[in-house]
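Note that the structure is predicted; figures quoted are calculated from it, not measured.
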Amino acid sequence: MSLSIATVSLLVADYDDAITFYCDTLGFDLVADTDMGGGKRWVVVAPPGRSGAQLLLARADGEAQRAAIGNQGGGRVMFFLNTSHFERDHAAMIARGVKFIEAPRHEAYGSVAVFEDLYGNKWDLIQPKA
């Protein structure tokens, strides 16, 4: 039996704003956008090439979920976006308006810089050491 994490749910305030950020700003692909009725949609985005997990953009329902938007990782980096071309992708993301909260650094495990999504969730852009 082989298991893998295929999809991770991320709470968002608005489907269309989240699609714009993840697809237009980060360059992800829109994998699915299906009307589920009652104002709910099944919206899935993924980095080009889809070699890892996808994100299910789940519009928050209720006060508790709305309060968690942007803080699902408790202030820590929650997502890790791997790249094989750190400098190119870092520069392209800055050009598209991605907010990096630190300068790139080179660690024993690779090159990394932390950025925030439109809600303030923290992400690592990382090129692992070969």
**Asked** Could you state the interatomic distance from OH (Tyr15) to CH2 (Trp42), rounded to the nearest 0.5 Å?
**Response** 10.5 Å
**Evaluation steps, side chain to side chain contact (heavy atoms under 4.5 Å, CB included), between Met93 and His90** = CA-CA 5 Å; Met93 290 170 72; His90 180 260; 6.0 Å; no
**Given Asp117, Leu56, Val45, the one that forms side-chain contact (heavy atoms from CB on, under 4.5 Å) with Leu10** = Asp117
**Request:** Please report the shortest heavy-atom distance between Ser111 and His106, naming the atom on each side.
**Result:** OG-ND1, 2.8 Å
**Fill in**
Note: Gln65 and Arg59 closest approach over all heavy atoms is OE1-O, 4.2 Å
**Message:** Quick check against the 3.5 Å criterion: does Asn71 have a side-chain atom that pairs as donor or acceptor with the backbone of Gly75?
**Reply:** yes
**Working for side chain to side chain contact (heavy atoms under 4.5 Å, CB included), residues Leu26 and Phe115** = CA-CA 11 Å; Leu26 285 188; Phe115 68 93; 3.9 Å; yes
**Item:** Between CD on residue Glu102 and NZ on residue Lys122, distance to nearest 0.5 Å
**Value:** 10.5 Å
**Asked** Quick one: side chain to side chain donor-acceptor pair (under 3.5 Å) partners of Arg41, sequence neighbours excluded?
**Response** Asp16, Asp33
**Over 12 foreign heavy atoms within 6.0 Å of CD, Glu116** = yes
**Asked** Is there a donor-acceptor contact under 3.5 Å from the side chain of Ser4 to the main chain of Ala6?
**Response** no
**Asked** Of the non-hydrogen atoms in Ala58 and Ser9, which two are nearest, and what is the gap between them?
**Response** CB-OG, 3.6 Å
**Asked** Leu11 and Met36: same hydrophobic cluster, using ILVMFWY side-chain contacts below 4.5 Å?
**Response** no
**Exceeds 12 heavy-atom contacts within 6.0 angstrom, atom CZ of Arg105** = yes
**Item:** Minimal non-hydrogen separation, Ala53 against Pro47, with atom names
**Value:** O-CD, 4.3 Å
**Item:** Same apolar cluster (I L V M F W Y, side chains within < 4.5 Å links), Ile101/Leu125
**Value:** no
**Ile126: hydrophobic cluster co-members (side-chain, 4.5 Å)** = Tyr109, Val112
**Prompt:** For the hydrophobic clusters of this structure (ILVMFWY residues joined by side-chain heavy atoms under 4.5 Å, transitively), does one cluster hold both Phe79 and Leu30?
**Reply:** yes
**Asked** Apart from Leu3 itself, which Ile, Leu, Val, Met, Phe, Trp or Tyr residues share its cluster (side-chain heavy atoms under 4.5 Å, direct or through members)?
**Response** Met1
**Request:** Find out if a path of hydrophobic residues (ILVMFWY) with successive side-chain heavy-atom gaps under 4.5 Å connects Ile69 to Val8.
**Result:** yes
**Request:** Grab the two heavy atoms, one from Val31 and one from Ala46, that are nearest each other, plus how far apart they are.
**Result:** CG2-CB, 3.9 Å
**Prompt:** How far does OG1 of Thr7 sit from CD of Gln54, to the nearest 0.5 angstrom?
**Reply:** 4.5 Å
**Request:** Check the pair Leu81, Phe28 against side chain to side chain contact (heavy atoms under 4.5 Å, CB included), reporting the backbone distance first and the verdict last.
**Result:** CA-CA 11 Å; Leu81 184 60; Phe28 285 16; 4.0 Å; yes
**Complete:** In Asp17, Leu57, Leu55, the residue satisfying side-chain contact (heavy atoms from CB on, under 4.5 Å) with Val12 is Leu57
**Request:** Determine, using the 4.5 Å side-chain heavy-atom cutoff (strictly less than), whether Tyr119 and Val77 are members of one ILVMFWY cluster.
**Result:** no
